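Residues take their numbers from the sequence shown, with the count starting at 1. These numbers come from a predicted model, not from an experiment.
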Amino acid sequence: MTASRWGAGFSAVGRFVAEIEAARTGSPLKPGYVLAGDELFLQERCRAAVINAFVPPDLRDFCLSDLDLGSTSIFDVLDRAQTPSLMSPFQVVLVRNVRQLYTRGAKKDEFAALDRYFRSPNPQALLIFIADFLRIPSDARRMDMDDKNRFERLTETLGEHCGMVELARVSEEDAMRWAVATAQAADTKMDSDAARELVDALGADMMCVSSELEKLLLYTSGRGKISLGDVETMVLGAKQRSLYELTDAISSRNRVRAIALLHGLLNSSDAGEDSAIGHLYMLARTFRQMLVILEKNVRDQRAIWQALWQGFRIPPFAADDLIRQARRYSNRRDLTRALRLIARADLELRSSPPDKRLVLERLVYDLASEAKPQSQWSSPQLTFEL
């Protein structure tokens, strides 16, 4: 399947890879490229294409530089690119943390230095700027206003001299087509239902989809087919692992990690904050399970299957983790408080708030915080029944 039949992200990467490969045979190459977007899967494909084309394995230490603007100035980066290497005929310079060029301050000297370099670039060097501080959805019309402003700023500055590669998020349909095509390339037929379940279970997170598909190909090796049952057996629990990591951070009162994991859940698909109700439902379900575990004094996996009824049970991989998390709460009151907070957030989400992400962030922050002692004059709160 050609990249032109895929979505914007795959198409942009296809054009970039074709340009890189053509440069190996003498076609002109731009002195720099900007990989714009936080789709790590596509970013890795671009990086692999550059390294495969210009970085021989035996010269890797001499011709590949991976620099971070958080610890290296842009002046040092440009000096590295401008200085010919005595050990290698060509240099590739990966520049990370590009956000540093767009923090507070005019950065006039930095952009002036970039302008001077690109007016007379080193033809034996290639600069790759990794601008992963913005998110480009599969449908560009849904791009956040802040991300639009960041992208325009990139285009007006680095884009004036470099090729822009828009790493748009992969849609679910494109993720399914990629999975089927990749399996086919490995002489394995993947059922459409299996591809849909794989993508749905992992929220179209392409790094996860790629990793789990590799496992599925090994699991079905010699059979030549991946069925829906194979996906249910091997992958379905992966969707819930990140949720249990979130509740682990909450029960440990690690607010920083909990907020970071929440962002990971929200960013794992194009649905973004629109998936908030679903995440809230799973949080409520998990805290109800912990309440039952605590009340029935469950201490091992054997007891958990007796305590939790059919339809309310958890995947086997999460049993020990959830028991440990439940036992971090000293009494029923702490868990019922969590359920009240979730119920309040659910009511707020269903009232069309201006920012659903903010509602979830506040919820997770409160869940991961110690309960404040109530004043005797405080008004009674609504109870939340199981």
Side-chain angles (χ1 to χ4, degrees), residues 8-9 11-39 42-43 45-51 53-55 63-85 88-136 140 143 146-168:
S11 296
V13 171
R15 292 190 295 270
F16 173 76
V17 171
E19 196 167 328
I20 292 296
E21 291 178 347
R24 299 176 69 176
T25 60
S27 295
L29 184 70
K30 294 181 177 65
Y33 290 87
V34 179
L35 306 183
D38 63 352
E39 179 54 83
L42 297 179
Q43 181 191 124
R45 289 169 72 96
C46 294
R47 183 177 182 276
V50 170
I51 291 176
F54 300 118
V55 182
C63 64
L64 177 64
S65 300
D66 196 335
L67 306 177
D68 188 320
L69 291 183
S71 55
T72 305
S73 72
I74 191 63
F75 307 107
D76 291 337
V77 169
L78 296 177
D79 184 64
R80 175 76 62 91
Q82 190 68 64
T83 305
S85 172
S88 173
F90 196 87
Q91 292 187 81
V92 173
V93 182
L94 301 176
V95 186
R96 301 185 182 277
N97 206 1
V98 175
R99 178 194 289 270
Q100 294 296 321
L101 286 174
Y102 301 92
T103 53
R104 290 186 177 182
K107 299 291 194 300
K108 291 182 180 179
D109 293 340
E110 287 83 350
F111 285 114
L114 283 162
D115 184 66
R116 287 193 300 271
Y117 172 81
F118 284 114
R119 288 184 186 279
S120 181
N122 178 6
Q124 301 304 317
L126 175 64
L127 284 165
I128 303 291
F129 295 92
I130 301 174
D132 54 3
F133 60 95
L134 73 160
R135 181 179 187 273
I136 304 177
M143 188 185 295
D146 288 340
D147 285 331
K148 283 184 180 180
N149 293 335
R150 295 182 186 114
F151 184 77
E152 289 174 1
R153 180 71 171 138
L154 273 173
T155 304
E156 292 167 356
T157 51
L158 289 175
E160 183 179 350
H161 310 288
C162 303
M164 295 292 294
V165 185
E166 300 177 25
L167 305 183

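- When the side-chain contact (heavy atoms from CB on, under 4.5 Å) test is applied to R47, the partners found at least two apart in sequence or on another chain are E44, I51, R60, D66, L94, R96.
- Residues forming a side-chain contact (heavy atoms from CB on, under 4.5 Å) with C46 (at least two apart in sequence, or on another chain): V13, F16, L35, V165, L167.
- In this structure, Q91 and A81 approach most closely via the heavy-atom pair NE2-O, 4.2 Å.
- Under the rule for a side-chain hydrogen bond (donor to acceptor under 3.5 Å, both in side chains), the partners of T157 that lie at least two apart in sequence or sit in another chain are Y102.
- In this structure, the separation between OG on S65 and CG on D76 is 11.5 Å, given to the nearest 0.5 Å.
- Checked against side-chain hydrogen bond (donor to acceptor under 3.5 Å, both in side chains), T83 has no partners two or more places apart in sequence or in another chain.
- Counting only heavy atoms from C-beta outward, the side chains of L29 and F54 approach each other to under 4.5 Å.
- Applying the side-chain hydrogen bond (donor to acceptor under 3.5 Å, both in side chains) criterion to R45, with sequence neighbours excluded, gives no partner residue.
- Relative ring orientation between F118 and F129 is described as tilted, the plane-to-plane angle lying within the 30° to 60° band.
- Listed by chain and residue number, nothing satisfies the ring-ring contact (aromatic ring centres under 6.0 Å, His included) test with F151 (two or more places apart in sequence, or in another chain).
- What you find for A131 and L154 is that their closest heavy atoms are CB-CD1, 3.7 Å.
- The minimum heavy-atom distance linking I20 with A53 is given by the pair CG2-CB, 3.6 Å.
- Checked against salt bridge (charged side-chain N to carboxylate O under 4.0 Å, His left out), D68 has no partners two or more places apart in sequence or in another chain.
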What donor-acceptor contacts under 3.5 angstrom involve side-chain atoms of residues 106-113, with partners at least two apart or in another chain?
unit_1, atom_1, unit_2, atom_2, d
K107, NZ, T103, OG1, 3.0
K107, NZ, R104, O, 3.1

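- L78 CG to L127 CG: the interatomic distance, rounded to the nearest 0.5 Å, is 6.5 Å.
- We find the CG-CG distance between L114 and L101 to be 6.5 Å, quoted to the nearest 0.5 Å.
- Rounding to the nearest 0.5 angstrom, the gap separating the CD atom in Q43 from the CG atom in D38 is 9.0 Å.
- The minimum heavy-atom distance linking A12 with E166 is given by the pair CB-O, 3.4 Å.
- With sequence neighbours left out, the ring-ring contact (aromatic ring centres under 6.0 Å, His included) criterion links F75 to no other residue.
- Remark: E19 engages K30, Y33 in a side-chain hydrogen bond (donor to acceptor under 3.5 Å, both in side chains) (not counting sequence neighbours).
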- Message: Could you go through L69 and V95, starting from their C-alpha distance and side-chain angles, then the distance that decides it, and tell me whether this counts as side chain to side chain contact (heavy atoms under 4.5 Å, CB included)?
- Response: CA-CA 7 Å; L69 291 183; V95 186; 3.7 Å; yes
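- Between N97 and T72 there is no side-chain heavy-atom pair separated by less than 4.5 Å.
- Partners of A22 according to the side-chain contact (heavy atoms from CB on, under 4.5 Å) rule, which considers only residues two or more places apart in sequence or in another chain, are S27.
- Salt-bridge check for D115 with R119: passed, with a basic side-chain N closer than 4.0 Å to an acidic carboxylate O.
- You'll find the side chain of T155 stays beyond 4.5 Å of the side chain of V34, heavy atoms only.
- Listed by first and then second residue, the side chain to side chain donor-acceptor pair (under 3.5 Å) pairs involving residues 121-133 amount to none (not counting sequence neighbours).
- Smallest separation of non-hydrogen atoms from A36 and I136: O-CD1, 3.4 Å.
- How far CD of E156 is from CD of E152: 6.5 Å, rounded to the nearest 0.5 Å.
- Across all their heavy atoms, V98 and I130 have their closest contact at CG2-O, 3.3 Å.
- Between I128 atom CD1 and L67 atom CG the span is 12.5 Å, to the nearest 0.5 Å.
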